[in-house]
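Notes to accompany the following structure.
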Amino acid sequence: MTRDEDLKRRWEEVQQKLSTQFAEGELLELDAIIYLIGVQELGQLHRRFKKDQKIDLMHIAICRLLEPYGYYAFDYFDDDGWPHYKVLDKLPNLKAGEQSVMMKEAVVNYFLEKDFIA
């Protein structure tokens, strides 16, 4: 199986499992999955968030997802328990499709690390 086929299969597995668990089977898109990762990383699972906090959660997720790639590093938790990251390297200029593939790969790796998928 090629790397692209493997990524596609694993992405679909993540998408299906999360959709079943959080969206009554309605297929979650990449942004929604990134949001869920942000909530997971914050650890405040049963809380309602305001619009600006939802954007912050997505930022947390993106930092966490791209940390293994060397773009961000965890810095500290603030007094409210929100994680903060520092920028280590500038993100590459990628086309929209390339960004999507990179993020899907990062999401798959995250859920492999968490033993959510095999």
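We count residues from 1, following the sequence as given.
Here the closest heavy-atom approach between residue Asp89 and residue Gly70 is recorded as CB-O, 3.6 Å. Summarising the geometry of Ala61 relative to Ile34, their closest heavy-atom pair is CB-O, 3.0 Å, with the distance given to 0.1 Å.
Taking a cutoff of 4.0 Å between a charged side-chain nitrogen and a carboxylate oxygen, Arg9 and Asp6 qualify as a salt bridge.
When each of Ile62, Leu65, Leu66 is checked for a side chain to side chain contact (heavy atoms under 4.5 Å, CB included) with Tyr71, only Leu66 meets the rule.
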Applying side-chain contact (heavy atoms from CB on, under 4.5 Å), run through Leu91 and Tyr72 and close with a yes or a no.
-> CA-CA 10 Å; Leu91 289 168; Tyr72 297 95; 3.8 Å; yes
Show the numbers, then the answer: is there a side-chain contact (heavy atoms from CB on, under 4.5 Å) between Leu7 and Val101?
-> CA-CA 9 Å; Leu7 174 61; Val101 169; 4.1 Å; yes
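Counted within 6.0 Å of CZ on Arg48, heavy atoms from surrounding residues, nucleotides or ligands total 12 or fewer; the atom is thus considered open. Within 6.0 Å of CD on Glu113 lie more than 12 heavy atoms contributed by other residues, nucleotides or ligands. Within a 6.0 Å sphere centred on CG of Asn93, other residues, nucleotides and ligands contribute 12 heavy atoms or fewer. Heavy atoms from other residues, nucleotides or ligands lying under 6.0 Å from CD of Glu29 number 12 at most. Within a 6.0 Å sphere centred on NZ of Lys90, other residues, nucleotides and ligands contribute 12 heavy atoms or fewer.
Using cut-offs of 30° and 60° for the angle between ring planes, the Trp82 and Phe49 rings count as perpendicular.
Atom CD of residue Gln15 and atom CG of residue Leu27 lie 3.5 Å apart, to the nearest 0.5 angstrom. Between Gln53 atom CD and Met58 atom CE the span is 14.5 Å, to the nearest 0.5 Å. Remark: Ile37 CD1 to Gln40 CD distance equals 9.0 Å, nearest 0.5 Å. Gln99 CD to Lys95 NZ: the interatomic distance, rounded to the nearest 0.5 Å, is 12.0 Å. Annotation: the span from Glu12 atom CD to Lys104 atom NZ amounts to 8.5 Å, rounded to 0.5 Å. Annotation: the span from Lys114 atom NZ to Leu112 atom CG amounts to 12.0 Å, rounded to 0.5 Å.
No side-chain donor-acceptor contact under 3.5 Å links Gln44 to the backbone of Val39. Judged by distance alone, with hydrogens and angles left aside, the side-chain atoms of Glu26 form no donor-acceptor pair with the main-chain N or O of Ala23 at under 3.5 Å. When atom types are taken as modelled, the side chain of Lys17 and the backbone of Ile117 share no donor-acceptor pair closer than 3.5 angstrom. Although no hydrogens or angles enter the test, the distance criterion places no donor-acceptor pair under 3.5 Å between the side chain of Gln16 and the main chain of Glu13.
Side-chain contact check for Asn109 versus Pro68: every heavy-atom pair is 4.5 Å or farther apart. The side-chain heavy atoms of Asp75 and Tyr85, taken from C-beta on, include no pair separated by under 4.5 Å.
Put simply, Leu45 and Leu18 are part of the same group of oily side chains (I, L, V, M, F, W, Y) that touch within less than 4.5 Å, one to the next. Using a 4.5 Å cut-off between side-chain heavy atoms of Ile, Leu, Val, Met, Phe, Trp and Tyr, with links allowed through other members, Leu88 and Met103 fall into different hydrophobic clusters. One hydrophobic cluster, built from ILVMFWY side chains closer than 4.5 Å, cannot hold both Ile55 and Ile60; they sit in different ones. Taken together through direct or relayed side-chain contacts under 4.5 Å among Ile, Leu, Val, Met, Phe, Trp and Tyr, Leu30 and Leu36 form part of one hydrophobic cluster.
Remark: aromatic rings of Phe74 and Phe77 are close, center separation under 6.0 Å.
No hydrogens or angles considered: nothing links the side chains of Tyr110 and Glu105 as a donor-acceptor pair under 3.5 Å.
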